[in-house]
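All remarks here apply to the structure that follows.
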2 protein chains.
Amino acid sequence: MTSAEHLYSKYSSTLSSCDLFSNLKKEEWLDLLAHFHEEKWSKETCIINHQKFLFHFYIIASGRIKMYNVDEISQKEHTLFLLKKGDVFDLLCLLDGIKHKVYYECLDNIKVLAIPMDKLRAWLNNNPIYYKNFLSYSGKIMRTLEENVSQLIFANISTRLLKLLLDNIDKKSNQLQLINDLPNKELAFLIGSTRAVVNRHLQELKKNGSISLQRNQVEIKDTSLLLKELEKQVKNRI
Amino acid sequence: MTSAEHLYSKYSSTLSSCDLFSNLKKEEWLDLLAHFHEEKWSKETCIINHQKFLFHFYIIASGRIKMYNVDEISQKEHTLFLLKKGDVFDLLCLLDGIKHKVYYECLDNIKVLAIPMDKLRAWLNNNPIYYKNFLSYSGKIMRTLEENVSQLIFANISTRLLKLLLDNIDKKSNQLQLINDLPNKELAFLIGSTRAVVNRHLQELKKNGSISLQRNQVEIKDTSLLLKELEKQVKNRI
DNA sequence: GGTTGTGAATGACTTAAGTAGCACAGAAAG
DNA sequence: CTTTCTGTGCTACTTAAGTCATTCACAACC
(Lines give C-alpha, C1' and ligand atoms only; values in the text may rest on other atoms or scores of the structure.)
Protein backbone atom coordinates (compact mmCIF):
# COMPACT_ATOMS: atom_id res chain seq x y z
CA MET A 1 0.00 0.00 0.00
CA THR A 2 1.45 3.35 -1.00
CA SER A 3 1.46 6.23 1.43
CA ALA A 4 -1.21 7.93 -0.68
CA GLU A 5 -3.44 4.88 -0.49
CA HIS A 6 -2.90 4.74 3.23
CA LEU A 7 -3.95 8.35 3.67
CA TYR A 8 -6.87 7.89 1.32
CA SER A 9 -8.36 5.04 3.33
CA LYS A 10 -7.52 6.51 6.72
CA TYR A 11 -8.94 9.97 6.02
CA SER A 12 -11.71 9.22 3.53
CA SER A 13 -14.37 10.94 5.64
CA THR A 14 -12.23 14.06 6.00
CA LEU A 15 -11.48 14.20 2.29
CA SER A 16 -15.11 13.79 1.29
CA SER A 17 -16.16 16.56 3.70
CA CYS A 18 -13.67 18.97 2.16
CA ASP A 19 -15.50 21.41 -0.13
CA LEU A 20 -12.28 22.63 -1.62
CA PHE A 21 -11.62 19.30 -3.31
CA SER A 22 -15.14 18.13 -3.93
CA ASN A 23 -15.78 15.76 -6.85
CA LEU A 24 -12.26 14.39 -7.04
CA LYS A 25 -12.20 10.80 -8.22
CA LYS A 26 -10.19 8.24 -6.29
CA GLU A 27 -7.34 8.24 -8.82
CA GLU A 28 -7.14 12.02 -8.65
CA TRP A 29 -7.02 11.93 -4.87
CA LEU A 30 -4.24 9.37 -4.93
CA ASP A 31 -2.33 11.53 -7.36
CA LEU A 32 -2.68 14.52 -5.06
CA LEU A 33 -2.24 12.64 -1.77
CA ALA A 34 1.20 11.50 -2.86
CA HIS A 35 2.38 14.95 -1.80
CA PHE A 36 0.57 14.97 1.54
CA HIS A 37 1.75 13.84 4.95
CA GLU A 38 -0.01 13.86 8.29
CA GLU A 39 0.92 15.93 11.31
CA LYS A 40 -0.28 15.95 14.90
CA TRP A 41 -0.43 19.10 16.94
CA SER A 42 -1.30 19.02 20.60
CA LYS A 43 -3.99 21.07 22.29
CA GLU A 44 -3.15 24.70 23.04
CA THR A 45 -0.42 24.82 20.43
CA CYS A 46 -0.21 28.37 19.10
CA ILE A 47 1.12 29.18 15.70
CA ILE A 48 2.14 32.78 15.66
CA ASN A 49 4.64 32.56 12.85
CA HIS A 50 2.88 33.95 9.80
CA GLN A 51 5.66 32.66 7.57
CA LYS A 52 4.85 29.03 8.28
CA PHE A 53 1.75 29.15 6.12
CA LEU A 54 3.62 30.37 3.09
CA PHE A 55 5.20 26.94 2.77
CA HIS A 56 2.53 24.40 3.65
CA PHE A 57 -1.18 24.10 3.18
CA TYR A 58 -3.26 22.16 5.69
CA ILE A 59 -6.52 20.25 5.83
CA ILE A 60 -7.93 19.60 9.29
CA ALA A 61 -8.64 15.91 9.88
CA SER A 62 -9.80 16.23 13.49
CA GLY A 63 -10.09 18.80 16.25
CA ARG A 64 -10.76 22.53 16.26
CA ILE A 65 -8.38 25.35 15.43
CA LYS A 66 -9.24 28.98 15.96
CA MET A 67 -7.96 31.53 13.52
CA TYR A 68 -7.69 34.85 15.29
CA ASN A 69 -6.45 38.35 15.22
CA VAL A 70 -4.77 40.36 17.96
CA ASP A 71 -4.84 44.14 18.08
CA GLU A 72 -1.21 45.16 18.35
CA ILE A 73 -2.03 48.05 20.59
CA SER A 74 -4.68 46.89 23.02
CA GLN A 75 -3.79 43.19 22.83
CA LYS A 76 -7.48 42.47 22.37
CA GLU A 77 -8.32 39.25 20.57
CA HIS A 78 -10.89 38.48 17.95
CA THR A 79 -11.64 35.03 16.59
CA LEU A 80 -12.22 35.20 12.84
CA PHE A 81 -13.04 31.55 12.25
CA LEU A 82 -13.35 28.35 14.22
CA LEU A 83 -11.93 25.75 11.85
CA LYS A 84 -13.03 22.14 12.10
CA LYS A 85 -12.71 18.85 10.25
CA GLY A 86 -12.63 19.40 6.50
CA ASP A 87 -11.64 23.07 6.75
CA VAL A 88 -8.38 24.25 5.25
CA PHE A 89 -5.80 26.94 5.86
CA ASP A 90 -4.31 29.19 4.91
CA LEU A 91 -6.29 29.94 1.80
CA LEU A 92 -5.11 33.54 1.49
CA CYS A 93 -1.48 32.49 1.47
CA LEU A 94 -2.25 29.94 -1.21
CA LEU A 95 -4.03 32.47 -3.39
CA ASP A 96 -1.43 35.19 -3.51
CA GLY A 97 1.59 33.95 -1.56
CA ILE A 98 1.54 36.98 0.69
CA LYS A 99 1.89 36.70 4.46
CA HIS A 100 -1.48 36.56 6.19
CA LYS A 101 -1.33 38.31 9.53
CA VAL A 102 -3.50 36.06 11.64
CA TYR A 103 -2.76 33.62 14.42
CA TYR A 104 -3.81 30.03 14.96
CA GLU A 105 -4.43 28.12 18.17
CA CYS A 106 -5.40 24.47 18.60
CA LEU A 107 -8.45 24.11 20.83
CA ASP A 108 -8.08 20.31 20.80
CA ASN A 109 -5.46 17.77 19.89
CA ILE A 110 -5.24 18.11 16.15
CA LYS A 111 -4.56 15.97 13.15
CA VAL A 112 -3.88 17.73 9.87
CA LEU A 113 -2.99 16.69 6.37
CA ALA A 114 -0.17 18.84 5.06
CA ILE A 115 1.08 19.55 1.55
CA PRO A 116 3.89 21.85 0.40
CA MET A 117 2.45 25.00 -1.14
CA ASP A 118 4.41 24.67 -4.35
CA LYS A 119 3.19 21.11 -4.85
CA LEU A 120 -0.40 22.21 -4.47
CA ARG A 121 0.11 25.16 -6.80
CA ALA A 122 1.73 22.88 -9.36
CA TRP A 123 -1.16 20.44 -9.07
CA LEU A 124 -3.63 23.27 -9.62
CA ASN A 125 -1.72 24.47 -12.64
CA ASN A 126 -1.83 20.98 -14.10
CA ASN A 127 -5.52 20.64 -13.27
CA PRO A 128 -6.81 24.18 -13.73
CA ILE A 129 -10.38 22.97 -13.76
CA TYR A 130 -10.12 22.66 -9.97
CA TYR A 131 -9.54 26.37 -9.65
CA LYS A 132 -13.30 26.47 -9.92
CA ASN A 133 -13.74 24.66 -6.61
CA PHE A 134 -11.36 27.09 -4.99
CA LEU A 135 -13.32 30.00 -6.38
CA SER A 136 -16.66 28.86 -5.09
CA TYR A 137 -15.06 28.12 -1.73
CA SER A 138 -13.63 31.63 -1.70
CA GLY A 139 -17.08 32.92 -2.51
CA LYS A 140 -18.50 31.15 0.50
CA ILE A 141 -15.88 32.70 2.76
CA MET A 142 -16.51 36.14 1.32
CA ARG A 143 -20.21 35.79 2.01
CA THR A 144 -19.44 34.82 5.59
CA LEU A 145 -17.11 37.77 6.02
CA GLU A 146 -19.65 40.19 4.57
CA GLU A 147 -22.30 38.78 6.86
CA ASN A 148 -19.93 39.29 9.80
CA VAL A 149 -19.34 42.90 8.84
CA SER A 150 -23.07 43.54 8.66
CA GLN A 151 -23.68 41.90 12.02
CA LEU A 152 -20.98 44.00 13.62
CA ILE A 153 -22.54 47.18 12.34
CA PHE A 154 -26.21 46.46 12.67
CA ALA A 155 -26.47 44.19 15.70
CA ASN A 156 -25.68 44.72 19.37
CA ILE A 157 -23.82 42.26 21.59
CA SER A 158 -26.97 40.64 22.84
CA THR A 159 -28.15 39.88 19.30
CA ARG A 160 -24.73 38.67 18.22
CA LEU A 161 -24.53 36.34 21.20
CA LEU A 162 -28.01 34.94 20.55
CA LYS A 163 -27.14 34.34 16.91
CA LEU A 164 -23.90 32.66 17.89
CA LEU A 165 -25.78 30.27 20.13
CA LEU A 166 -28.62 29.61 17.71
CA ASP A 167 -26.28 29.10 14.76
CA ASN A 168 -24.40 26.44 16.68
CA ILE A 169 -27.27 24.37 17.96
CA ASP A 170 -27.20 20.88 16.53
CA LYS A 171 -30.62 20.08 15.05
CA LYS A 172 -30.58 16.51 16.32
CA SER A 173 -29.36 16.84 19.89
CA ASN A 174 -30.69 20.38 20.40
CA GLN A 175 -27.40 21.14 22.10
CA LEU A 176 -24.46 23.34 21.21
CA GLN A 177 -21.90 22.00 18.80
CA LEU A 178 -18.39 23.22 18.19
CA ILE A 179 -18.63 25.96 20.84
CA ASN A 180 -20.26 23.97 23.63
CA ASP A 181 -17.17 23.65 25.84
CA LEU A 182 -15.71 27.11 25.48
CA PRO A 183 -15.25 29.53 28.38
CA ASN A 184 -17.05 32.88 28.34
CA LYS A 185 -13.87 34.56 27.18
CA GLU A 186 -13.70 32.53 23.98
CA LEU A 187 -17.38 33.17 23.28
CA ALA A 188 -16.65 36.86 23.72
CA PHE A 189 -13.79 36.73 21.22
CA LEU A 190 -16.07 35.08 18.70
CA ILE A 191 -18.45 38.05 18.69
CA GLY A 192 -15.91 40.79 19.30
CA SER A 193 -16.67 41.54 22.92
CA THR A 194 -15.30 40.88 26.40
CA ARG A 195 -15.84 38.19 29.01
CA ALA A 196 -17.64 40.44 31.47
CA VAL A 197 -20.14 41.68 28.92
CA VAL A 198 -20.85 38.23 27.52
CA ASN A 199 -21.33 36.86 31.01
CA ARG A 200 -23.77 39.66 31.78
CA HIS A 201 -25.90 38.65 28.80
CA LEU A 202 -25.58 34.93 29.53
CA GLN A 203 -26.86 35.56 33.06
CA GLU A 204 -29.94 37.22 31.56
CA LEU A 205 -30.57 34.18 29.39
CA LYS A 206 -30.06 31.92 32.36
CA LYS A 207 -32.54 33.98 34.37
CA ASN A 208 -35.27 33.53 31.79
CA GLY A 209 -34.61 29.83 31.62
CA SER A 210 -33.40 29.47 28.04
CA ILE A 211 -29.97 28.20 29.03
CA SER A 212 -28.12 26.79 32.01
CA LEU A 213 -24.49 27.43 32.81
CA GLN A 214 -21.60 25.45 34.17
CA ARG A 215 -17.88 25.94 34.05
CA ASN A 216 -16.87 25.86 30.35
CA GLN A 217 -20.34 24.83 29.39
CA VAL A 218 -23.51 26.40 28.04
CA GLU A 219 -26.47 24.06 27.99
CA ILE A 220 -29.46 24.89 25.83
CA LYS A 221 -32.69 24.54 27.78
CA ASP A 222 -35.22 26.09 25.43
CA THR A 223 -34.46 27.00 21.84
CA SER A 224 -37.83 28.67 21.29
CA LEU A 225 -37.14 31.01 24.21
CA LEU A 226 -33.83 31.96 22.60
CA LEU A 227 -35.65 32.72 19.36
CA LYS A 228 -38.15 34.86 21.26
CA GLU A 229 -35.28 36.80 22.82
CA LEU A 230 -33.78 37.33 19.37
CA GLU A 231 -37.08 38.71 18.10
CA LYS A 232 -37.24 41.03 21.09
CA GLN A 233 -33.78 42.31 20.14
CA VAL A 234 -34.87 42.80 16.58
CA LYS A 235 -37.88 44.83 17.68
CA ASN A 236 -35.65 47.04 19.79
CA ARG A 237 -33.63 47.84 16.71
CA ILE A 238 -36.52 49.69 15.04
CA MET B 1 -13.97 47.93 -37.17
CA THR B 2 -15.74 45.23 -35.19
CA SER B 3 -17.64 46.09 -32.04
CA ALA B 4 -14.94 44.35 -30.01
CA GLU B 5 -12.22 46.44 -31.62
CA HIS B 6 -14.26 49.56 -30.98
CA LEU B 7 -14.63 48.72 -27.28
CA TYR B 8 -10.97 47.75 -27.06
CA SER B 9 -9.75 51.09 -28.31
CA LYS B 10 -12.36 53.14 -26.49
CA TYR B 11 -11.85 51.53 -23.10
CA SER B 12 -8.20 50.51 -23.21
CA SER B 13 -7.35 52.38 -20.02
CA THR B 14 -10.23 50.74 -18.15
CA LEU B 15 -9.29 47.29 -19.37
CA SER B 16 -5.66 47.66 -18.41
CA SER B 17 -6.62 48.88 -14.92
CA CYS B 18 -8.78 45.83 -14.35
CA ASP B 19 -6.93 43.37 -12.09
CA LEU B 20 -9.38 40.62 -12.82
CA PHE B 21 -8.23 40.39 -16.42
CA SER B 22 -4.62 41.37 -16.09
CA ASN B 23 -2.13 40.06 -18.62
CA LEU B 24 -4.65 39.45 -21.39
CA LYS B 25 -3.15 39.90 -24.84
CA LYS B 26 -4.96 42.05 -27.37
CA GLU B 27 -6.31 39.05 -29.29
CA GLU B 28 -7.63 37.54 -26.09
CA TRP B 29 -9.35 40.78 -25.19
CA LEU B 30 -10.95 41.00 -28.62
CA ASP B 31 -12.16 37.44 -28.23
CA LEU B 32 -13.73 38.28 -24.89
CA LEU B 33 -14.97 41.75 -25.80
CA ALA B 34 -17.11 40.27 -28.57
CA HIS B 35 -19.58 39.40 -25.82
CA PHE B 36 -19.50 42.79 -24.11
CA HIS B 37 -21.63 45.84 -24.67
CA GLU B 38 -21.58 49.22 -23.00
CA GLU B 39 -24.29 50.69 -20.78
CA LYS B 40 -24.81 54.11 -19.29
CA TRP B 41 -26.49 54.61 -15.95
CA SER B 42 -27.31 58.04 -14.66
CA LYS B 43 -26.35 59.41 -11.29
CA GLU B 44 -28.47 58.30 -8.32
CA THR B 45 -29.68 55.19 -10.11
CA CYS B 46 -30.31 52.53 -7.50
CA ILE B 47 -30.21 48.86 -8.29
CA ILE B 48 -32.12 47.03 -5.66
CA ASN B 49 -32.96 43.96 -7.69
CA HIS B 50 -30.54 41.29 -6.53
CA GLN B 51 -31.56 39.09 -9.45
CA LYS B 52 -30.12 41.45 -12.04
CA PHE B 53 -26.59 40.43 -11.19
CA LEU B 54 -27.23 36.78 -11.78
CA PHE B 55 -27.45 37.49 -15.49
CA HIS B 56 -24.81 40.09 -16.27
CA PHE B 57 -21.35 40.90 -15.05
CA TYR B 58 -20.10 44.48 -15.15
CA ILE B 59 -16.82 46.35 -15.35
CA ILE B 60 -16.93 50.00 -14.36
CA ALA B 61 -15.50 52.26 -17.06
CA SER B 62 -16.16 55.57 -15.32
CA GLY B 63 -17.84 56.96 -12.23
CA ARG B 64 -18.40 55.61 -8.74
CA ILE B 65 -20.89 53.02 -7.56
CA LYS B 66 -21.43 52.23 -3.92
CA MET B 67 -22.20 48.67 -2.94
CA TYR B 68 -24.18 48.75 0.27
CA ASN B 69 -26.24 46.84 2.72
CA VAL B 70 -29.44 47.87 4.46
CA ASP B 71 -30.54 46.41 7.75
CA GLU B 72 -34.05 45.17 7.14
CA ILE B 73 -35.19 46.13 10.60
CA SER B 74 -33.63 49.46 11.41
CA GLN B 75 -33.20 50.59 7.79
CA LYS B 76 -29.65 51.58 8.64
CA GLU B 77 -27.21 51.63 5.76
CA HIS B 78 -23.66 50.45 5.50
CA THR B 79 -21.42 50.93 2.48
CA LEU B 80 -19.36 47.81 1.86
CA PHE B 81 -17.33 49.06 -1.09
CA LEU B 82 -16.98 52.19 -3.16
CA LEU B 83 -16.42 50.81 -6.64
CA LYS B 84 -14.55 52.85 -9.23
CA LYS B 85 -13.04 52.54 -12.68
CA GLY B 86 -11.66 49.06 -13.27
CA ASP B 87 -13.68 47.47 -10.47
CA VAL B 88 -16.16 44.72 -11.26
CA PHE B 89 -19.41 43.36 -9.92
CA ASP B 90 -20.93 41.17 -8.85
CA LEU B 91 -18.10 38.78 -8.20
CA LEU B 92 -20.01 36.65 -5.70
CA CYS B 93 -22.80 36.01 -8.17
CA LEU B 94 -20.25 35.01 -10.75
CA LEU B 95 -18.52 32.59 -8.41
CA ASP B 96 -21.48 30.60 -7.23
CA GLY B 97 -24.52 31.90 -9.06
CA ILE B 98 -26.36 32.58 -5.82
CA LYS B 99 -28.19 35.83 -5.20
CA HIS B 100 -26.04 38.38 -3.40
CA LYS B 101 -28.12 40.47 -1.06
CA VAL B 102 -26.51 43.86 -1.48
CA TYR B 103 -27.64 47.06 -3.15
CA TYR B 104 -25.91 49.33 -5.63
CA GLU B 105 -26.24 53.07 -6.14
CA CYS B 106 -24.53 55.23 -8.74
CA LEU B 107 -22.80 58.20 -7.14
CA ASP B 108 -21.98 59.65 -10.57
CA ASN B 109 -23.07 59.16 -14.13
CA ILE B 110 -21.75 55.74 -14.94
CA LYS B 111 -20.40 53.85 -17.90
CA VAL B 112 -20.09 50.10 -17.56
CA LEU B 113 -19.04 47.26 -19.81
CA ALA B 114 -21.51 44.41 -19.51
CA ILE B 115 -21.26 40.74 -20.40
CA PRO B 116 -23.82 37.96 -19.94
CA MET B 117 -22.84 35.75 -17.01
CA ASP B 118 -23.03 32.55 -19.02
CA LYS B 119 -20.73 33.95 -21.70
CA LEU B 120 -18.16 34.89 -19.10
CA ARG B 121 -18.45 31.49 -17.42
CA ALA B 122 -18.05 29.78 -20.77
CA TRP B 123 -14.99 31.89 -21.53
CA LEU B 124 -13.49 30.95 -18.18
CA ASN B 125 -14.17 27.29 -18.80
CA ASN B 126 -12.41 27.53 -22.14
CA ASN B 127 -9.52 29.46 -20.61
CA PRO B 128 -9.26 27.98 -17.12
CA ILE B 129 -5.85 29.51 -16.64
CA TYR B 130 -7.63 32.81 -15.98
CA TYR B 131 -9.34 31.37 -12.94
CA LYS B 132 -6.04 32.20 -11.31
CA ASN B 133 -6.58 35.93 -11.78
CA PHE B 134 -10.02 35.61 -10.27
CA LEU B 135 -8.60 33.77 -7.30
CA SER B 136 -5.97 36.33 -6.51
CA TYR B 137 -8.56 39.07 -6.93
CA SER B 138 -10.83 37.20 -4.50
CA GLY B 139 -7.91 36.97 -2.12
CA LYS B 140 -7.49 40.72 -2.24
CA ILE B 141 -11.14 41.26 -1.40
CA MET B 142 -10.99 38.77 1.45
CA ARG B 143 -8.03 40.58 2.92
CA THR B 144 -9.96 43.84 2.71
CA LEU B 145 -12.99 42.31 4.37
CA GLU B 146 -10.90 40.79 7.15
CA GLU B 147 -9.22 44.13 7.69
CA ASN B 148 -12.66 45.75 7.91
CA VAL B 149 -13.82 43.25 10.50
CA SER B 150 -10.74 43.92 12.62
CA GLN B 151 -11.20 47.67 12.37
CA LEU B 152 -14.81 47.40 13.43
CA ILE B 153 -13.87 45.41 16.50
CA PHE B 154 -10.66 47.08 17.57
CA ALA B 155 -11.08 50.71 16.54
CA ASN B 156 -13.51 53.40 17.63
CA ILE B 157 -15.33 55.78 15.32
CA SER B 158 -12.71 58.47 15.64
CA THR B 159 -9.96 56.09 14.53
CA ARG B 160 -12.04 54.67 11.73
CA LEU B 161 -12.83 58.15 10.43
CA LEU B 162 -9.18 59.21 10.57
CA LYS B 163 -8.16 56.07 8.69
CA LEU B 164 -10.85 56.66 6.10
CA LEU B 165 -9.53 60.14 5.47
CA LEU B 166 -5.85 59.18 5.48
CA ASP B 167 -6.41 56.16 3.21
CA ASN B 168 -8.07 58.37 0.63
CA ILE B 169 -5.59 61.19 0.44
CA ASP B 170 -3.99 61.41 -2.96
CA LYS B 171 -0.23 61.49 -2.57
CA LYS B 172 0.23 64.07 -5.32
CA SER B 173 -2.45 66.62 -4.62
CA ASN B 174 -2.59 65.97 -0.86
CA GLN B 175 -6.35 66.14 -1.16
CA LEU B 176 -9.10 63.59 -0.80
CA GLN B 177 -9.84 61.30 -3.70
CA LEU B 178 -12.93 59.25 -4.34
CA ILE B 179 -14.69 60.44 -1.16
CA ASN B 180 -13.94 64.15 -1.42
CA ASP B 181 -17.42 65.27 -2.44
CA LEU B 182 -19.51 63.07 -0.18
CA PRO B 183 -21.89 64.43 2.48
CA ASN B 184 -21.32 63.53 6.12
CA LYS B 185 -24.01 60.89 5.89
CA GLU B 186 -22.15 58.93 3.22
CA LEU B 187 -18.90 59.14 5.17
CA ALA B 188 -20.80 57.76 8.14
CA PHE B 189 -22.12 54.84 6.12
CA LEU B 190 -18.59 54.02 5.01
CA ILE B 191 -17.42 53.50 8.58
CA GLY B 192 -20.65 52.11 10.01
CA SER B 193 -21.81 55.14 11.97
CA THR B 194 -24.31 57.99 11.74
CA ARG B 195 -24.17 61.48 10.34
CA ALA B 196 -24.39 63.21 13.71
CA VAL B 197 -21.51 61.26 15.20
CA VAL B 198 -19.26 61.70 12.19
CA ASN B 199 -19.98 65.40 12.14
CA ARG B 200 -19.03 65.62 15.83
CA HIS B 201 -15.63 64.10 15.07
CA LEU B 202 -15.14 66.19 11.94
CA GLN B 203 -15.79 69.32 14.00
CA GLU B 204 -12.99 68.26 16.34
CA LEU B 205 -10.62 67.85 13.42
CA LYS B 206 -11.69 71.21 12.05
CA LYS B 207 -11.08 72.81 15.42
CA ASN B 208 -7.48 71.59 15.54
CA GLY B 209 -6.89 72.82 12.00
CA SER B 210 -6.25 69.55 10.21
CA ILE B 211 -9.23 69.89 7.89
CA SER B 212 -11.72 72.48 6.72
CA LEU B 213 -15.33 71.83 5.91
CA GLN B 214 -17.79 72.97 3.32
CA ARG B 215 -21.06 71.60 2.08
CA ASN B 216 -20.31 68.14 0.61
CA GLN B 217 -16.62 68.77 0.95
CA VAL B 218 -13.80 67.88 3.29
CA GLU B 219 -10.57 69.72 2.56
CA ILE B 220 -7.32 68.39 3.98
CA LYS B 221 -5.32 71.17 5.62
CA ASP B 222 -2.59 69.25 7.41
CA THR B 223 -1.93 65.56 6.89
CA SER B 224 0.68 65.38 9.64
CA LEU B 225 -1.86 66.69 12.14
CA LEU B 226 -4.24 63.93 11.08
CA LEU B 227 -1.51 61.37 11.65
CA LYS B 228 -0.84 62.85 15.08
CA GLU B 229 -4.51 62.53 15.93
CA LEU B 230 -4.45 58.91 14.80
CA GLU B 231 -1.49 58.21 17.07
CA LYS B 232 -3.35 59.84 19.95
CA GLN B 233 -6.25 57.48 19.32
CA VAL B 234 -3.89 54.53 19.25
CA LYS B 235 -2.42 55.52 22.59
CA ASN B 236 -5.90 55.74 24.09
CA ARG B 237 -6.50 52.16 23.08
CA ILE B 238 -3.85 50.81 25.43
C1' DG C 1 -38.73 86.76 -6.03
C1' DG C 2 -40.06 83.27 -2.66
C1' DT C 3 -40.44 78.41 -1.38
C1' DT C 4 -38.65 74.00 -0.45
C1' DG C 5 -35.27 70.75 0.69
C1' DT C 6 -30.83 69.13 1.95
C1' DG C 7 -26.80 69.27 4.65
C1' DA C 8 -24.23 71.23 8.51
C1' DA C 9 -23.57 72.67 13.23
C1' DT C 10 -24.70 72.20 17.97
C1' DG C 11 -26.47 70.93 22.57
C1' DA C 12 -29.03 67.79 25.67
C1' DC C 13 -30.06 63.30 26.77
C1' DT C 14 -29.88 58.07 26.95
C1' DT C 15 -27.80 53.86 27.01
C1' DA C 16 -25.11 49.81 25.79
C1' DA C 17 -20.90 48.27 26.42
C1' DG C 18 -16.38 48.42 28.17
C1' DT C 19 -13.59 48.56 32.61
C1' DA C 20 -12.06 47.43 37.16
C1' DG C 21 -12.32 44.97 41.17
C1' DC C 22 -13.33 41.24 44.19
C1' DA C 23 -15.10 36.98 46.10
C1' DC C 24 -16.03 32.29 45.25
C1' DA C 25 -15.86 27.56 43.28
C1' DG C 26 -13.80 23.93 41.29
C1' DA C 27 -10.07 22.05 38.55
C1' DA C 28 -5.32 21.22 38.18
C1' DA C 29 -0.87 20.78 40.06
C1' DG C 30 2.45 20.21 43.54
C1' DC D 1 -3.42 17.39 51.53
C1' DT D 2 -2.41 22.30 50.27
C1' DT D 3 -1.57 25.55 46.88
C1' DT D 4 -2.33 27.65 42.62
C1' DC D 5 -4.86 28.86 38.79
C1' DT D 6 -8.70 29.47 35.88
C1' DG D 7 -13.33 30.56 35.09
C1' DT D 8 -17.47 32.52 36.96
C1' DG D 9 -20.73 35.76 39.07
C1' DC D 10 -21.64 40.22 40.53
C1' DT D 11 -21.15 45.26 41.62
C1' DA D 12 -20.05 49.92 40.70
C1' DC D 13 -18.24 53.18 37.57
C1' DT D 14 -17.01 55.46 33.05
C1' DT D 15 -17.58 56.67 28.54
C1' DA D 16 -18.22 56.57 23.57
C1' DA D 17 -21.65 56.60 20.60
C1' DG D 18 -26.27 56.75 19.23
C1' DT D 19 -30.60 59.68 19.45
C1' DC D 20 -33.37 63.74 19.25
C1' DA D 21 -34.38 68.35 18.42
C1' DT D 22 -33.45 72.87 16.72
C1' DT D 23 -31.23 76.49 14.09
C1' DC D 24 -28.69 78.02 10.28
C1' DA D 25 -26.88 78.24 5.47
C1' DC D 26 -27.21 77.44 1.02
C1' DA D 27 -28.62 75.15 -3.24
C1' DA D 28 -32.29 73.91 -6.28
C1' DC D 29 -36.55 74.80 -8.03
C1' DC D 30 -40.91 76.86 -9.24
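Residue numbers begin at 1 in each chain, while the letters A, B, ... track the order of the sequences. Nothing here was measured: the structure is a model prediction, and the numbers come from that model.
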Please report, rounded to the nearest Å, how far the [atom2] atom of [N] is from the [atom1] atom of [X].
X	N	atom1	atom2	answer
B:E44	C:dT6	CD	P	11 Å
A:I153	C:dA17	CD1	P	15 Å
A:E186	D:dT6	CD	P	14 Å

Kindly list each side-chain donor-acceptor pair under 3.5 angstrom involving residues 204-213 of chain A, sequence neighbours excluded, with atom names and distances?
residue : atom : partner : partner atom : Å
A:N208  : OD1  : A:S210  : N            : 3.0
A:N208  : OD1  : A:S210  : OG           : 2.8
A:N208  : ND2  : A:E229  : OE2          : 3.1
A:S210  : OG   : A:L205  : O            : 3.1
A:S212  : OG   : A:E219  : OE1          : 3.3

Please list, chain by chain and in numerical order, all residues satisfying ring-ring contact (aromatic ring centres under 6.0 Å, His included) with [X], sequence neighbours excluded.
X	answer
B:F89	B:F53, B:Y58, B:Y104
A:Y68	A:Y103
B:F57	none

Counterpart residues, side chain to side chain donor-acceptor pair (under 3.5 Å), relative to B:K84 (two or more places apart)
none

Which residues pass the salt bridge (Lys or Arg N to Asp or Glu O under 4.0 Å) test with B:R160, not counting sequence neighbours?
none

For A:D108, the side-chain contact (heavy atoms from CB on, under 4.5 Å) test, sequence neighbours excluded, returns A:R64

I'd like to compare against my own output: the B/S/- annotation of nucleotides 8-18 of chain D with a strict under-4.0 Å heavy-atom distance to protein.
BBB-B----BB

Net bend of the helix from C:dG1-D:dC30 to C:dG30-D:dC1, end axes of five pairs each, nearest 10 degrees
40°

Non-hydrogen atoms of A:L135 and B:S138 that approach each other most closely
CD2-OG, 3.8 Å

